[in-house]
Amino acid sequence: MTLGASCSSMMGYGVFFWVPSFFRRSFFSDLGLQDAIIQSGWLFGAILFVGGSLGIILGGVLGDLMGKGSKRMYAIVPAVAFFVTYPFYIAGVLAPTPLVAVLMFMIPTGLGLAWLGPTLSAFQHMAPPNMRSMASAIFLLINNLVGIGVGVYALGELSTLLTPSFGEEALRYSIMIGATLYLVAGALFLIGARTIAKDWEEA
């Protein structure tokens with residue numbers, strides 16, 4: 001689950017950093033730099049505020065509701081969210097207008113953050129009471145080192161490598177390729193789902 005969350009954070013932090021640039025390059029290239037940045041910032045703010053807020057809340061609610069029947073759902077709910085995230089990111093970067101792109105990006109932004117509630121809850125329950133702070137600290141350390149430390153750089157470097165072929169649209173294809181990390185994250189959470197109930201009970 002730690003590795004799965006880290007994979008999702010690589011894409012999540014990377015996209016959060018680069019989406020404003022994507023809007024500026026793909027939709028507002030005819031505007032002046034300052035106007036393009038302002039327009040892109042407002043759109044990204046809407047995506048993050050609406051999609052992110054709803055995703056975090058709904059992920060926690062679904063995890064608790066479905067987790068009553070089986071503790072495996074605390075891993076399966078994020079896994080399903082990650083798998084569904086991928087096609088919406090593709091739809092978002094291929095959107096013909098900024099409005100369509102905003103609507104498409106809101107969905108995967110929410111789904112990509114739905115893991116927070118179920119995963120952190122599971123970590124707290126699978127660690128002994130006297131080790132919960134340390135368990136959370138280790139989890140967040142790995143997640144942030146990989147997510148923030150690698151994600152932003154990886155998407156940017158990939159965009160640079162694609163620039164000779166795609167020019168200003170290179171970032172669009174970099175995000176498409178990077179979105180496959182959500183498929184990896186989903187698969188890792190499904191692997192974790194096989195033993196989470198047993199680990200939870202033993203703890």
Answer yes if Val184 and Val146 sit in the same cluster of Ile, Leu, Val, Met, Phe, Trp and Tyr residues linked by side chain heavy atoms under 4.5 Å apart, and no otherwise. no
When rounded to the nearest 0.5 angstrom, what distance separates CG in Leu43 from CE in Met106? 9.0 Å
Working for side-chain contact (heavy atoms from CB on, under 4.5 Å), residues Asn144 and Ser9: CA-CA 8 Å; Asn144 289 330; Ser9 293; over 6 Å; no
Can you find a heavy atom in the side chain of Cys7 that is under 4.5 Å from one in the side chain of Tyr182? no
Taking Val50's backbone N and O only, do any of them form a donor-acceptor pair with Ser53's side chain (distance below 3.5 Å, no angle check)? no
Output the distance between atom OG (Ser174) and atom CG (Leu161), rounded to the nearest 0.5 Å. 9.0 Å
Non-hydrogen side-chain atoms of Thr2 and Ile138 separated by less than 4.5 Å: no
Considering all heavy atoms of both residues, which atom of Phe83 and which atom of Gly186 are nearest to each other, and what is their separation? CZ-C, 3.4 Å
Let me confirm one number: the CZ-CZ distance from Phe49 to Phe44, rounded to the nearest 0.5 Å. 13.5 Å
State, with a plain yes or no, whether a side-chain heavy atom of Pro96 is found less than 4.5 Å away from one of Val100. yes
Quick one: closest heavy-atom pair of Pro118 and Gly59, and the distance? CG-O, 3.2 Å
Flag if over 12 foreign heavy atoms under 6.0 Å of CE, Met176: yes
Do Met126 and Met131 belong together in a cluster built from hydrophobic side chains that touch within less than 4.5 Å? no
side-chain contact (heavy atoms from CB on, under 4.5 Å) between Leu181 and Phe82: does it pass, once the steps are laid out? CA-CA 9 Å; Leu181 285 170; Phe82 289 145; over 6 Å; no
Test log, rule side-chain contact (heavy atoms from CB on, under 4.5 Å), inputs Thr85 and Tyr89: CA-CA 6 Å; Thr85 293; Tyr89 264 123; 3.5 Å; yes
For residues Ser21 and Leu171, determine if any side-chain heavy atom of one lies less than 4.5 Å from a side-chain heavy atom of the other. yes
One should read off an interatomic distance between Met11 CE and Ile177 CD1, to the nearest 0.5 angstrom, of 10.5 Å
How far apart are the closest heavy atoms of Met104 and Ala91, and which atoms are they? SD-CB, 3.7 Å
When rounded to the nearest 0.5 Å, the distance separating CG of Leu62 from CD1 of Ile76 is 13.0 Å
Using the test ring-ring contact (aromatic ring centres under 6.0 Å, His included), find all partners of Tyr173 that sit at least two apart in sequence or belong to another chain. Phe166
If Ile, Leu, Val, Met, Phe, Trp and Tyr residues are connected whenever their side-chain heavy atoms lie under 4.5 Å apart, and connections chain through other members, are Leu188 and Met1 in the same group? no
Closer than 4.0 angstrom, basic N to acidic O: yes or no for Lys198 and Glu201? no
Are Met10 and Leu183 connected, step by step, through hydrophobic side chains (Ile, Leu, Val, Met, Phe, Trp, Tyr) whose heavy atoms are closer than 4.5 Å? yes
Please answer whether the main-chain N or O of Val152 pairs with a side-chain N or O of Trp18 as donor and acceptor at a distance below 3.5 Å. yes
Go through the steps for Phe105 and Val93 under the test side-chain contact (heavy atoms from CB on, under 4.5 Å), then give the verdict. CA-CA 8 Å; Phe105 274 126; Val93 296; 3.7 Å; yes
Keeping Ser159 on the side-chain end and Leu155 on the backbone end, is there a donor-acceptor pair under 3.5 Å? no
In terms of heavy-atom contacts, Ile175 and Val15 come closest through CG2-CG2, 4.2 Å
Rounded to the nearest 0.5 Å, how far does CD1 of Ile196 lie from NE2 of His125? 10.5 Å
Could you see if Tyr74 belongs to whatever hydrophobic cluster contains Ile57? Use Ile, Leu, Val, Met, Phe, Trp, Tyr and a side-chain cutoff under 4.5 Å. no
Would you name the heavy atoms of Val84 and Pro87 that are closest together and state the gap between them? O-CD, 3.2 Å
Write down the atom of Gly52, the atom of Leu113, and the distance for their closest heavy-atom approach. CA-CD1, 3.7 Å
Heavy-atom side-chain contact between Thr109 and Phe16 under 4.5 Å: yes
If the plane angle is over 60° it's perpendicular, under 30° parallel, otherwise tilted; pick one for Phe123 and Phe139. tilted
Does CZ belonging to Phe88 count more than 12 external heavy atoms closer than 6.0 Å? no
Would you say Val77 and Phe189 make side-chain contact, with heavy atoms under 4.5 Å? no
